[in-house]
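Hydrogens, waters and symmetry mates play no part in the numbers below; they use all other heavy atoms, side chains included.
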Amino acid sequence: MLDSLYIKNVALIKELNIEFDKGFTVFTGETGAGKSIIIDSIGMLLGKNVSKDMIRSGEEDASVSGIISDIDDEKKLFLNGLGVTPDSENIIYIQKDISKSTRSSTRLNSRPIPSSLQKEIAPVFINIHGQNEGQELFKSKNQINILDSFVDRSDLFKKYSELYKEMREIEKLLADLKEDDSEKLRRADMLRFQAEDIKSAKLRAGESNELEESKKRLLANEKIRKYSSLAYRAIYNNEKGMSATDMLSKAASAIDFLTSYFPSLQGCDEKLNGIISELTDIAERVKETMPEYEDDPTAMLDRIEARLDRIEKLKRKYGADEESIIAYLKSITDELESMENSAVLIEEYTAKVATIQKEAFAVAQKIHALRVERAKDISVKICDVLNFLDMPKVKFEIAVHNTGTLTHTGCDEVEFMISPNPGEPLLPMEKIASGGELSRIMLAVKSVLAEKDRVPTLIFDEIDTGISGKTSRKIGIKLKELSKHAQIICITHSAQIASLADTHFKISKTEINGRTETTLKNLSLDERVDEVARILGGIEITETQRRTALELIKGAQ
């Protein structure tokens with residue numbers, strides 16, 4: 001329940017702290033005293049859009065905070081699912097701050113939260129019902145949700161929701177596969193051309209680097225031939241004289257002879273033989289660098305240039321290097337394969353959708369049967385309440401139409417139908433209900449819904465609009481009954497309703513230090529008598545009006 005409400009610098013309210021109790025609470029006061037400001041302030045707690053114009057004139061910021069207490073286990077589980085935990089006293093504290101210079105902010109139990117989380121949490125604990133809310137409540141698109149709250153089969157709704165979600169996901173895949181055929185054919189032709197263009201080149205990773213090295217060597221062919229030959233002859237095979245290895249071999253033989261006379265030369269011949277072995281290896285490696293061709297390398301250079309040119313063209317079209325081009329070839333090959341397999345996939349997905357649709361229809365039909373059954377029962381109960389609320393000839397019916405088309409709610413359209421007067425046909429309620437009738441129908445639905453709805457605080461804003469006398473009294477009685485299941489707060493201009501309250505607040509405008517302020521008073525019995533008498537009418541309150549007011553209050557008790 002809403003335990004308390006603190007308002008600061010909102011419109012005419014400078015500072016106001018309201019302590020609420022269980023049961024039935026009413027707010028009364030002269031027109032313009034500030035009743036709507038209290039409703040707007042509670043709306044701020046629910047996450048409704050806030051205008052900076054609501055900040056009290058002359059102030060820079062405003063705030064509204066509320067304490068919600070007595071949170072049951074079901075609501076705790078809901079909060080835990082959103083990462084919110086009530087404090088040790090089993091309460092949550094919500095505060096909304098608005099400022100002229102900065103963005104508005106919301107805190108829950110002193111922790112900043114986004115407005116999206118606020119909008120998700122607060123309405124589970126508090127609902128506001130007024131003329132505008134009633135019109136929203138009874139729009140056709142919302143009526144199916146009202147009916148479903150009476151259908152005690154969450155397992156069926158969960159099963160249908162899962163099937164519908166899966167069906168829609170596969171249908172999307174199907175739609176993607178069945179995109180415009182001509183466009184697909186054009187793309188397939190383009191991909192085949194690109195794939196053949198790349199495949200025919202027979203690229204190798206790193207090929208262009210290898211070709212550049214070959215090109216570099218060919219351009220220096222004569223010098224390479226000259227110096228490799230010079231090095232080879234000098235080291236190993238000199239036709240015009242002794243090479244380095246020949247001379248070292250002779251030196252090694254000479255040292256081998258001298259060793260027997262000079263022990264200090266022991267091992268020198270072996271070292272020379274080691275050097276000869278290394279020089280021989282170097283000579284072989286140098287020999288490998290000698291060009292294998294004797295003719296002018298121009299023809300080979302032309303072939304390399306042509307190959308490099310082709311690779312460069314492929315790079316401009318398909319990737320920065322050979323690796324990228326090869327990767328692109330794989331991706332378009334996969335896409336072509338997917339396109340070629342799309343017919344098979346379309347057939348597979350179509351069959352799967354048909355299977356899921358059949359199962360979803362079966363579940364939807366079960367939900368439809370339950371809706372029809374509950375609609376009859378609820379219609380009778382709502383008619384009973386409307387009869388009590390002085391609509392004795394009313395006909396009310398919840399129509400459930402099986403459309404044969406699956407939507408996120410099943411295959412049904414639900415519409416509240418009403419005939420307020422004898423002889424008139426049943427028509428959609430949103431088209432024919434007047435303000436007074438809408439208020440009573442809303443109250444009738446809330447009365448029937450009360451035990452299922454489980455919203456702990458219901459606020460009714462001027463539900464008596466367009467109603468007076470005996471009917472107002474009956475509305476008050478019904479609100480009193482509702483307060484057995486939920487905390488009821490009502491803004492009213494009706495003496496018949498106000499006299500039935502457990503707690504009665506009077507809202508007034510007062511001039512303080514030259515400024516108009518909204519003030520609030522929790523009325524005693526004598527003060528209630530005076531206020532109810534004032535509402536009953538007359539320029540001056542008479543003793544007759546006081547006696548009538550007292551009778552109304554005592555009658556409620």
Task: Non-neighbouring partners of Glu171 that pass salt bridge (Lys or Arg N to Asp or Glu O under 4.0 Å), sequence neighbours left out - done: Arg168
Open item on the list: Does either side chain, that of Thr403 or that of Glu413, offer a donor lying less than 3.5 Å from an acceptor on the other one?
Closed with: no
TODO: Could you walk me through whether Ile144 and Glu415 pass the side chain to side chain contact (heavy atoms under 4.5 Å, CB included) test, one step at a time?
DONE: CA-CA 7 Å; Ile144 194 167; Glu415 200 153 36; over 6 Å; no
TODO: Answer yes or no: is there a side-chain heavy-atom contact under 4.5 Å between Glu169 and Lys172?
DONE: no
Task: Donor-acceptor contact below 3.5 Å, side chain Ser41 vs main chain Ile7 - done: no
TODO: Step by step, work out the side chain to side chain contact (heavy atoms under 4.5 Å, CB included) result for Leu336 and Arg192.
DONE: CA-CA 8 Å; Leu336 278 168; Arg192 288 191 193 97; 3.8 Å; yes
Task: Donor-acceptor under 3.5 Å (Ser260 side chain, Phe257 main chain) - done: yes
Task: Distance-only side-chain donor-acceptor flag, Tyr160 / Glu162, under 3.5 Å - done: no
TODO: Work out which heavy atom in Pro456 is nearest to a heavy atom in Val124; give both atom names and the distance.
DONE: CD-O, 3.5 Å
TODO: Flag the pair Asn209 / Glu213 as yes when at least one side-chain heavy-atom distance between them is below 4.5 Å, and no otherwise.
DONE: no
Open item on the list: What I want to check is whether the side chains of Thr106 and Gln118 have a donor and an acceptor closer together than 3.5 Å.
Closed with: yes
TODO: Compare every heavy atom of Thr85 with every heavy atom of Asn109, then report the nearest pair and how far apart it is.
DONE: ND2-O, 3.3 Å
Open item on the list: For Glu74, I'd like to know if atom CD has over 12 heavy atoms of other residues, nucleotides or ligands within 6.0 Å.
Closed with: yes
Open item on the list: To check you understand the geometry: which heavy-atom pair defines the closest contact between Ile346 and Leu174, and what is its length?
Closed with: O-CD2, 3.7 Å
Open item on the list: Other residues, nucleotides and ligands only: do more than 12 of their heavy atoms fall within 6.0 Å of CE on Met190?
Closed with: yes
TODO: Say whether, by atom type as modelled, one donor and one acceptor occur between the side chain of Thr259 and the main chain of Ile255 under 3.5 angstrom.
DONE: yes
TODO: Return yes if some donor-acceptor pair links the side-chain N/O of Gln143 with the main-chain N/O of Phe416 below 3.5 Å, else return no.
DONE: yes
TODO: With rounding to the nearest 0.5 Å, note down the distance linking OH in Tyr93 to OG in Ser69.
DONE: 14.5 Å
Task: For Leu45 against Ala122, the heavy-atom pair lying closest together - done: O-CB, 3.3 Å
Task: Nearest atoms (heavy-atom pairs only) where Ser208 meets Leu308 - done: O-CD2, 3.8 Å
Task: Distance (rounded to the nearest 0.5 Å) between His368 NE2 and Asn402 CG - done: 4.5 Å
Open item on the list: Taking the side chain as everything from C-beta on, heavy atoms only, tell me whether Met417 gets closer than 4.5 Å to Ile398.
Closed with: no
TODO: To the nearest 0.5 Å, tell me how far Thr457 OG1 sits from Ile42 CD1.
DONE: 9.0 Å
Open item on the list: Under a 3.5 Å distance rule, please check whether Glu207 uses its side chain to pair with a backbone N or O of Arg204 as donor and acceptor.
Closed with: yes
TODO: Please indicate whether Tyr236 has more than 12 foreign heavy atoms, meaning atoms of other residues, nucleotides or ligands, lying under 6.0 Å from its OH.
DONE: no
Task: Atom pair NZ (Lys250) and CG (Leu248), whose distance is rounded to the nearest 0.5 Å - done: 12.0 Å
TODO: Among residues two or more places apart or on two chains, list those pairs meeting salt bridge (Lys or Arg N to Asp or Glu O under 4.0 Å) that have a residue in residues 98-113.
DONE: none
TODO: Using atom types as modelled and distance alone, determine if a side-chain donor or acceptor of Arg374 lies under 3.5 Å from a backbone N or O of Val151.
DONE: no
Open item on the list: Taking the side chain as everything from C-beta on, heavy atoms only, tell me whether Ile13 gets closer than 4.5 Å to Arg56.
Closed with: no
Open item on the list: Counting C-beta onward and ignoring hydrogens, is there a side-chain heavy-atom pair between Arg371 and Thr409 closer than 4.5 Å?
Closed with: yes
- [ ] For Ala486 and Val455, work out which heavy atoms get closest and say how close.
- [x] CB-O, 3.7 Å
Task: Polar contact flag, side-chain donor to acceptor under 3.5 angstrom, Ser243-Asp246 - done: yes
Open item on the list: Tell me whether Asn273 contacts the main-chain N or O of Asp269 through its side chain, where contact means a donor paired with an acceptor under 3.5 Å.
Closed with: yes
TODO: Assess whether side chain to side chain contact (heavy atoms under 4.5 Å, CB included) is satisfied between Tyr328 and Ile198, documenting all intermediate values.
DONE: CA-CA 9 Å; Tyr328 179 71; Ile198 297 170; 3.9 Å; yes
Task: Ile126 and Ile68, any side-chain heavy atoms less than 4.5 Å apart - done: yes
- [ ] Take Glu60 and Ile55, measure what side chain to side chain contact (heavy atoms under 4.5 Å, CB included) needs, and give me the verdict at the end.
- [x] CA-CA 7 Å; Glu60 288 300 312; Ile55 299 173; over 6 Å; no
Task: Exceeds 12 heavy-atom contacts within 6.0 angstrom, atom NZ of Lys52 - done: yes
Open item on the list: Would you say that Leu329 contacts Ile325 through its side chain, given a criterion of any heavy-atom pair below 4.5 Å between the two side chains?
Closed with: no
Task: Distance, nearest 0.5 Å, that separates OH of Tyr318 from OG of Ser324 - done: 14.0 Å
Open item on the list: Any non-hydrogen side-chain atom of Ile98 less than 4.5 Å from a side-chain atom of Asp61?
Closed with: no
- [ ] State the CG-CD distance between Asn9 and Glu59, to the nearest 0.5 angstrom.
- [x] 4.0 Å
TODO: I would like to know whether Asp155 and Lys158 meet salt bridge (Lys or Arg N to Asp or Glu O under 4.0 Å); could you show each step before the answer?
DONE: CA-CA 5 Å; Asp155 57 328; Lys158 182 181 178 183; over 6 Å; no
Open item on the list: Let's go through Asp334 and Lys330 carefully: what are the C-alpha distance in whole Å and the side-chain angles of both, what is the deciding distance for salt bridge (Lys or Arg N to Asp or Glu O under 4.0 Å) to 0.1 Å, and is it a yes or a no?
Closed with: CA-CA 6 Å; Asp334 290 345; Lys330 184 180 184 309; 3.0 Å; yes
Task: Residues in side chain to side chain contact (heavy atoms under 4.5 Å, CB included) contact with Pro86, at least two apart in sequence or another chain - done: Ile71, Lys76, Leu79, Asn90, Ile92
Task: Residue pairs passing the salt bridge (Lys or Arg N to Asp or Glu O under 4.0 Å) test where at least one lies in residues 314-327, sequence neighbours excluded - done: Asp197-Lys317
TODO: Would you mind listing every salt bridge (Lys or Arg N to Asp or Glu O under 4.0 Å) that reaches into residues 3-16, with sequence neighbours excluded?
DONE: none
TODO: Can you sort out the partners of Ser200 under side chain to side chain contact (heavy atoms under 4.5 Å, CB included), two or more places apart, ordered by chain and number?
DONE: Glu196, Arg310
